[in-house]
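Below is one structure, written out as structure tokens, with a few remarks after it.
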Amino acid sequence: MDWNEILSDVEDINDPTLYEKVLIALDDIYCEDEDFMQLLISKLDTMHVTWDQPWYQTSLCLTRCTVTNYEDNEKLEKFRTTHFTNQECEQIKENWANFITEYDVPDMLQSFARWKNRDCKNPSSPHEQVRRFVTAYLAQGLERNMHQVYQYVVKHFGTPVKGNYSDVEKKLFNICFYFNEKDAVKNLSLLLGRNPRGIYKQLHQVHEGKPERKKLKWTLPLATKFLNLLMEHSQCSLEELKYKKFDKSVWLKLESDMDQQYQYLQKSWYNALHVQIFVKQDVKINRLRKKIIRILRDSPYEVWRDICWKDLTEHFPDGFTHTFLYKNFTCLLVGKTDYLKQPLPKVLDYILHKINTRRKNKRLRTLTYENGNLELISYKKNTKNQSKEE
DNA sequence: CAAATACACTGGGATTCAAA
DNA sequence: TTTGAATCCCAGTGTATTTG
């Protein structure tokens with residue numbers, strides 16, 4: 001169904017015939033998915049696990065995580081956590097390609113991924129058996145449990161649409177909420193091919209409105225005020241604040257004291273203030289960036305998304321946070337649109353070129369805390385012995 | 001009844017990207 | 001370059017159903 005055409009000059013979204021079209025589209029999707037599942041079920045008696053599975057792939061639970069990494073048990077090998085790397089994604093694609101050849105089925109991973117068990121709640125029903133077998137098949141060669149693989153497939157193949165909402169999508173959003181709010185999230189996710197989480201957030205905004213955001217101009221006295229309050233509310237000394245995660249209650253107190261949303265304060269703390277206070281040396285930003293490039297070149301990362309920024313902080317002196325590194329590196333990619341898909345070395349070349357062809361080389365501002373006040377440390381130009389940045 | 005497992009929903013940090 | 005809004009997505013929680 002071509003929604004662009006249907007909705008191109010529709011203003012009145014209350015028109016019931018529009019929702020009828022939505023229902024037809026949804027029904028088409030249901031039928032397509034169900035047909036594909038039926039096809040898989042027809043081959044169920046030939047589906048047997050013939051390969052070795054690590055212990056963590058034997059759990060039958062796909063939709064919620066029931067296995068945990070048993071850190072203490074050294075006999076059991078561990079599975080990977082955090083996001084899937086490029087290599088893992090390729091492995092899944094390869095496994096799927098093998099699957100459709102071996103079982104002679106059409107390439108309809110999306111139908112598999114978005115199918116939901118709506119009627120029969122029996123975990124050992126043929127549908128569920130098929131779902132588990134296919135997931136196990138896709139998990140071959142991966143250090144992941146079944147839940148992780150299934151979630152990955154659902155996310156990347158079931159709801160592949162990303163990015164900002166188009167006008168047509170916004171209209172569909174309004175139509176679905178107007179006619180059937182109860183099922184709107186479910187329906188929209190299916191209709192738009194989008195992750196439901198984003199739709200829930202939109203919904204929340206419809207009900208609660210956007211939070212008001214006030215501008216905050218950071219100055220030394222303001223930063224001092226913030227720091228003193230942070231120490232007071234967390235009952236920590238300055239040194240104890242380093243890399244500390246604070247309870248939400250602490251942030252909420254700060255929110256009311258500073259009259260500013262705590263998420264914003266949080267960001268300012270870890271992105272800037274934390275680094276400025278705890279890094280105790282003269283750092284030139286471009287040197288820092290070049291060091292990141294060197295580290296990434298020596299890493300096994302293949303594409304940008306593989307980068308695990310938290311791990312990078314190990315290579316840097318005390319005080320740096322991963323969000324700071326990320327922020328200072330990524331700002332060089334502004335205007336570059338294809339960096340997510342390009343091989344990492346190519347992206348790094350681009351960044352290096354950008355660093356080398358611009359004149360400014362800013363220093364990191366660092367601060368010292370004395371007698372209850374923050375003060376700026378000034379580094380004299382051309383003094384050697386300060387920078388230990390390799 | 002407890003355990004296992006499904007779907008629906010939520011919290012909140014991480015990431016992306018366009019506008020200031 | 002920086003900022004802020006929007007989105008992405010891991011890791012949970014709540015509740016219903018089925019099995020043993």
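Quick caveat: nothing in here was measured; it's all calculated off a predicted structure. So that the names make sense, note that chain A is the first sequence line, chain B the second, and so on, each numbered from 1.
- DNA chain B is contacted by A/E128, A/R131, A/R132 of residues 127-147 of chain A, taking any non-hydrogen atom closer than 4.0 Å.
- At the heavy-atom level, A/K248 lies under 4.0 Å from the strands shown only through sugar-phosphate atoms.
- Residue-level contact check: A/K336 touches neither bases nor backbone, having no heavy atom under 4.0 Å from any strand.
- Between the side chains of A/H233 and A/D257, at least one donor N or O sits under 3.5 Å from an acceptor N or O.
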For nucleotides 16-20 of chain C, tabulate all protein N/O to nucleotide N/O atom pairs closer than 3.5 Å, reporting atom names and distance.
| unit_1 | atom_1 | unit_2 | atom_2 | d |
| --- | --- | --- | --- | --- |
| C/dT19 | OP1 | A/N122 | OD1 | 3.4 |
| C/dT19 | OP1 | A/N122 | ND2 | 2.6 |

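- Rounding to whole angstrom units, OH of residue A/Y270 and P of C/dT3 are separated by 19 Å.
- Across all strands shown, A/L340 has heavy atoms under 4.0 Å from sugar-phosphate atoms exclusively, and none from any base.
- A/Q57 and A/N145 are not linked by any side-chain donor-acceptor pair at a separation below 3.5 angstrom, with hydrogens and angles left out of the test.
- Near DNA chain B, defined here as any heavy-atom distance below 4.0 Å, the residues from residues 185-200 of chain A are A/K186, A/R197, A/Y200, listed numerically.
- A salt bridge is absent between A/D45 and A/K43: the closest approach of a Lys/Arg side-chain nitrogen to an acidic carboxylate oxygen does not fall below 4.0 angstrom.
- Atom CD of A/Q151 is separated from atom C1' of C/dA11 by 10 Å (rounded to the nearest Å).
- At a threshold of 4.0 angstrom between heavy atoms, the contacts of A/F84 with the nucleic acid are absent.
- Read 5' to 3', the first and last nucleotides of DNA chain B with an atom closer than 4.0 Å to a heavy atom of chain A are B/dT5 to B/dC17.
- In this structure, A/Y165 reaches the sugar-phosphate backbone alone: every heavy-atom distance under 4.0 Å involves primed, P, OP1 or OP2 atoms, never a base.
- Within residues 301-308 of chain A, the residues that have a heavy atom under 4.0 Å from DNA chain B are, in order of number, A/W304, A/R305.
- As judged by a 4.0 angstrom heavy-atom cut-off over every strand, A/C331 is placed among the base-contacting residues.
- Aromatic pair A/H204/A/Y200: ring centres not closer than 6.0 Å.
- The distance from atom NZ of A/K162 to atom P of C/dC9 is 4 Å, rounded to the nearest whole Å.
- Checked by atom type, the side-chain pair A/Q91/A/Q87 shows no donor-acceptor distance below 3.5 Å.
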Less than 3.5 Å apart, which donor and acceptor atoms pair up between the side chains of residues 216-225 of chain A and the rest of the protein, not counting sequence neighbours?
| unit_1 | atom_1 | unit_2 | atom_2 | d |
| --- | --- | --- | --- | --- |
| A/W218 | NE1 | A/S268 | OG | 3.3 |
| A/T219 | OG1 | A/L222 | N | 3.3 |
| A/T224 | OG1 | A/L220 | O | 2.7 |
| A/T224 | OG1 | A/L374 | N | 3.3 |

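- Nucleic acid contact class of A/V161 (heavy atoms, under 4.0 Å, all strands): sugar-phosphate only.
- The distance from atom CZ of A/F226 to atom CE of A/M258, rounded to the nearest 0.5 Å, is 6.5 Å.
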